[in-house]
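Atoms within each ligand, like the ligands themselves, are counted from 1 in listed order.
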Amino acid sequence: MLNVFAANLGLKGLTMSFNEVRRDYLLDRWVVIATERGRRPTDFAKQERERAKVGVCPLCPGNERMTPPAVLVYLKSGKGVRKAKDENGFRHKNWLIRCIPNLYPAFNPPKEKVSRRKIMKSSDLAVAVGHHEVLVESPIHDKHPSDAKIPQLVHVINAYVDRLRELSAKPYVKYVSVFRNHGIEAGASLSHAHSQIIATPFIPKIVEEELKASRKFWKQKGKCVFCDILEKELNGPRLILENSEFAVFAPWASVNPLEFWMFPKKHEATLLDISQNKVRTLAETLKSCLNGLKRLVNDPPYNYGFHLVINREAYQSYHWHLEVYPKLAIWAGFEKSTGMYINTVTPETAAKSLQETLAS
Ligand SMILES: [Zn+2]
Ligand SMILES: [Zn+2]
Ligand SMILES: [Zn+2]
């Protein structure tokens, strides 16, 4: 019996094809791409989605007193917006955008001037000095980007940039992470449309690795590695969408089923210098991709995060981008214990499905 098995396996071994193990463009991160018994994206549409309980929403208009004073509000003013903040116990009403400190911050602003040595206590201990903010994207509770009006999304992106500018100017801030959690399973404890901003006293690992790898590429080839990736992906099987300013594609070694990245086509290291024209195109691109994702797999939970630089030092070698991670799979023992991932939807299939959905 054993011999028969061995013979069978041996024979199969000759004809069997293997899954691929792909390495990220820049990170030392490996993903098993299930090319062999992969799933169709639409398989995920049937999943039950957990919905947040609707109680009193602290982010809805009228409940401004339930949150700390806003560090930034956008108020309607003629055809444009007026920017303000809540001061002296006053809370602005009728806002379009509202940015507030998180009630349970991971990082706290220092009370007084703080030196580098006071922050980095030792090689394995730092003080969580920084900022943690919640950016309320709309006065309307469930106006998520997939369905928001473009002018409102333009406000959202402009507010990201405003906060980025203010926070990155602080001497103890080394990185500002702008991200969004959508759906309970993706960590959004409040269902009101919001993003978060966390300013940290050091550069987080993934961004640091990207920075290092892109600096190395620049030194060797005199070229931005992200521009290089873009060039390849624009003509490849993983392209999802391209317009005048942006390209959206499923990355070669996608960790998550239906993961996609959005790159500005012209080299730009940070969001800090983005033009109003580009902000509008970014709003349109973001909306159409998130709307496509929603239609394709029944409004899945997802996270997105910007990768960018906040100082001039890496302006030539780094290239800002947005990474979107739909949460359709559960990371279990293998992923958690090894840092290697299994993705059951090939990026090529993901790109094709998203592209078709966007076109429909
Ligand atoms: Zn609300
Ligand atoms: Zn570039
Ligand atoms: Zn990145």
Discussion item. As a test of reading the structure, name the N/O/S atom of H319 that is nearest the Zn ion (ligand 2).
Written reply: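 Relative to the Zn ion (ligand 2), the closest nitrogen, oxygen or sulfur of H319 carries the name ND1.
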Practice prompt. Name whichever N, O or S atom of H267 ends up nearest to the Zn ion (ligand 2).
Written response: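 Per the distance ranking, H267 contributes ND1 as its closest N/O/S atom to the Zn ion (ligand 2).
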Worksheet item: Between W95 and E64, does a side chain to side chain donor-acceptor pair (under 3.5 Å) hold up when you go through it step by step?
Response: CA-CA 10 Å; W95 40 269; E64 289 84 3; 2.7 Å; yes
Worksheet item: Does E356 pair with R40 as a salt bridge, N-O distance under 4.0 Å?
Response: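 No salt bridge links E356 with R40.
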Worksheet item: According to the interplanar angle, ranging from 0 to 90°, do the rings of Y302 and Y304 count as parallel (below 30°), tilted (30 to 60°) or perpendicular (above 60°)?
Response: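 Rings of Y302 and Y304: parallel, as their planes differ by under 30°.
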Discussion item. Only to 10 degrees, please: what angle do the OE2 atom of E210 and the NE2 atom of H321 make about the Zn ion (ligand 3)?
Written reply: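 With the Zn ion (ligand 3) as the vertex, the angle is close to 130°.
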Worksheet item: In terms of side-chain heavy atoms, does T285 have a donor or acceptor partner in N243 at a distance below 3.5 Å?
Response: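 Indeed, the side chains of T285 and N243 share at least one donor-acceptor pair under 3.5 Å.
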Worksheet item: Will you find, in the side chains of H92 and Y74, an N or O donor that is under 3.5 Å from an N or O acceptor?
Response: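 No, no side-chain donor-acceptor pair sits under 3.5 Å.
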Practice prompt. Measure from the Zn ion (ligand 3) to every N/O/S atom of H307 and report the name of the nearest one.
Written response: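 That would be atom ND1.
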Worksheet item: Which N/O/S atom belongs to E323 and is the closest one to the Zn ion (ligand 3)?
Response: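 The E323 atom nearest to the Zn ion (ligand 3), restricting to N, O or S, is OE2.
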Worksheet item: With the Zn ion (ligand 2) at the apex, how many degrees lie between SG of C227 and SG of C224, rounded to 10 degrees?
Response: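 That angle works out to 110° after rounding to 10°.
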Discussion item. I'd like to know whether the aromatic ring centres of F107 and H132 sit less than 6.0 Å apart in this structure.
Written reply: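 No, the ring of F107 stays outside the 6.0 Å limit from the ring of H132, centre to centre.
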Practice prompt. Answer yes or no: is there a side-chain heavy-atom contact under 4.5 Å between L296 and T42?
Written response: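 They are in side-chain contact.
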Worksheet item: Using a distance threshold of 2.8 Å, what protein N/O/S atoms lie below it relative to the Zn ion (ligand 1)?
Response: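 N, O, S partners closer than 2.8 Å: C57 SG, C60 SG, H141 ND1, H192 ND1.
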Worksheet item: Within the side chain of H194, is there an N or O that forms a donor-acceptor pair under 3.5 Å with the backbone of H192?
Response: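 Here the side-chain-to-backbone pair exists.
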Practice prompt. Evaluate the ring-ring contact (aromatic ring centres under 6.0 Å, His included) criterion for residues Y175 and F202: first the C-alpha distance (whole Å), next the side-chain angles of each, then the deciding distance (0.1 Å), finally the verdict.
Written response: CA-CA 6 Å; Y175 192 72; F202 37 72; over 10 Å; no
